[in-house]
There are 2 protein chains.
Amino acid sequence: MNNYRMTPQRRLILEELRKTKKHPTASEVYQLVRKNIPDISMGTVYRNLAILIKQGKIQRINNGSKKERYDGNPYEHFHIKCTECGRIDDLPEDLVENIKRNININFDYKITGYDLFFYGLCPDCKRRQEDKMEEKIPEKSKNYGSLKLQKLGKGED
Amino acid sequence: MNNYRMTPQRRLILEELRKTKKHPTASEVYQLVRKNIPDISMGTVYRNLAILIKQGKIQRINNGSKKERYDGNPYEHFHIKCTECGRIDDLPEDLVENIKRNININFDYKITGYDLFFYGLCPDCKRRQEDKMEEKIPEKSKNYGSLKLQKLGKGED
DNA sequence: TTAATAATAGTAACTATTATTAATAGTAAA
DNA sequence: TTTACTATTAATAATAGTTACTATTATTAA
């Protein structure tokens, strides 16, 4: 049960996850690997994703969606998700450094990990929204982010 | 479509969410409201949860689980989840203040919100684990949290 | 009072994920 | 090499959380 074999299917799944920066869902991984192994099954994809996570080679992203997303980078880094189209990118390192330096905990939980998740508009959607704004009478903008959590994306979920 | 009525079902769902600190799932909400309205249906619960979110009266919690959780507090605050039993609590305000003061963003996304999620052991599970440790020969502890994301809880998901 | 719209309970459908099954292929010991 | 063992696979069935649909009832607006 703990002597894993590196099968062609497993290797391909890992390679595809390492190649892309798109943080694909399970079925997106399935579509990718099917190009090289056409008769691979969804069950194989799910099973191997779970094994690769258990081995610490990839990670699952907590993205507040029903569809899990997977990341070929197993090391600590944070994500940002576009509330418009659902696209997920990595946050730049230097932006995270400030935050990490300032976590001091005196609290009755034993903290073993954390996940910092930003929501917003990716460059493309930001531009699209700015274009739309110009066609309208400007109204007082609802600015979340500073006072209120905003996690109701209109994106792909 | 945007003239909502405050029906008894909707009012009860909101009241129950405001009363509890347990961040219940949809079916837990269903169990709660069924005590007063025994013939309410799951569909009604889901529909009203969605409407209350749209109205900004409650929020859905991004908890990395298949089961969504709901929170009667619509204002910004952060959560911590026990990786052992899945319990979710609010993070103390003062712990978050440090972090918030240090987010300075120069990045091509328009950030409209964020979610900071901690993982760990709640007081009960922490004690249980410490008890278990005493029965074993102590081994070098695998300490995540500082260098590696840890989001593979063994809890209720 | 009439028409339009929201909301409801009940149920069916959907979808992401997990479990099962029978077959296959590496691996280790005899 | 044979044998037994175990990991893995494709295909398919099952599960579970959520959403959509349907007929009916309640509320609001004209």
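Lettering of chains follows the sequences in order, A, B, ..., and the numbering in each one begins at 1.
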TODO: List the atom of B:Ile58, the atom of B:Tyr70, and the distance in Å for their closest heavy-atom pair.
DONE: CD1-CD2, 4.2 Å
Does [X] put a side-chain nitrogen or oxygen below 4.0 Å from OP1 or OP2 of [N]?
X       : N      : result
A:Thr25 : C:dA16 : no
B:Gln9  : C:dA7  : no
A:Thr7  : D:dT9  : yes
B:Arg5  : D:dT28 : no
B:Lys67 : D:dG17 : yes
A:Asn48 : D:dT9  : yes
B:Tyr46 : D:dT19 : no

- [ ] Could you pick out which residue, A:Arg47 or B:Ile40, lies toward the 5' side of DNA chain C when each is mapped onto its nearest nucleotide?
- [x]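 The 5'-side residue here is B:Ile40.
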TODO: On DNA chain C, check which nucleotide each of A:Met42 and B:Asp39 is closest to and give me the residue with the more 5' one.
DONE: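 The 5'-side residue here is B:Asp39.
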Open item on the list: Given A:Glu28, which partner from the list A:Lys22, A:Arg69, A:Arg34, A:Lys67 fulfils the salt bridge (charged side-chain N to carboxylate O under 4.0 Å, His left out) test?
Closed with: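 For A:Glu28, the salt bridge (charged side-chain N to carboxylate O under 4.0 Å, His left out) check succeeds only for A:Arg69.
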TODO: Identify the nucleotide, in any strand shown, that forms a Watson-Crick or G-U wobble pair with D:dA30, with both distances under 3.5 Å; if there is none, say none.
DONE: C:dT1
- [ ] Just name whichever nucleotide pairs with C:dT18, Watson-Crick or G-U, keeping both distances under 3.5 Å, else none.
- [x]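 Result: D:dA13.
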How close or far is atom [atom2] of [N] from atom [atom1] of [X], stated in whole angstroms?
X       : N      : atom1 : atom2 : value
A:Leu49 : D:dT9  : CG    : P     : 12 Å
A:Tyr4  : C:dG26 : OH    : C1'   : 17 Å
A:Tyr30 : C:dT18 : OH    : C1'   : 16 Å
A:Arg60 : C:dT18 : CZ    : C1'   : 11 Å
B:Leu12 : C:dA7  : CG    : C1'   : 15 Å
B:Asn3  : D:dA29 : CG    : P     : 6 Å
B:Lys54 : D:dT19 : NZ    : C1'   : 13 Å
A:Ile37 : D:dA10 : CD1   : C1'   : 12 Å

Open item on the list: Using the side-chain heavy atoms of A:Lys66, tell me which of these nucleotides is nearest: D:dT19, C:dA7, D:dT9.
Closed with: D:dT19
Open item on the list: Measuring from atom CD of A:Glu16 to atom CG of A:Leu32, what distance do you get when rounded to the nearest 0.5 angstrom?
Closed with: 5.0 Å
Task: A:His79 side, atom NE2; A:Asp90 side, atom CG - distance, nearest 0.5 Å - done: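 Between atom NE2 of A:His79 and atom CG of A:Asp90 there are 4.5 Å.
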Open item on the list: Using a heavy-atom cut-off of 4.0 Å across all strands, would you classify B:Arg10 as base, sugar-phosphate, or nothing?
Closed with: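 Sugar-phosphate contact only - B:Arg10 comes under 4.0 Å of backbone atoms but never of a base.
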Open item on the list: Classify A:Ala26 by what it touches in the nucleic acid, base, sugar-phosphate, or nothing, heavy-atom distance under 4.0 Å.
Closed with: sugar-phosphate
Open item on the list: Within the structure provided, determine whether A:Lys81 and A:Ser65 are in side-chain contact (heavy-atom separation under 4.5 Å).
Closed with: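 A side-chain contact under 4.5 Å exists here.
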Open item on the list: Need to verify one output field. Residue with the more 5' nearest nucleotide on DNA chain D, B:Tyr70 or A:Pro8?
Closed with: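 Nearest nucleotide further toward 5': that of A:Pro8.
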Task: Residues B:His77 and B:Asp71: side-chain donor-acceptor under 3.5 angstrom - done: yes
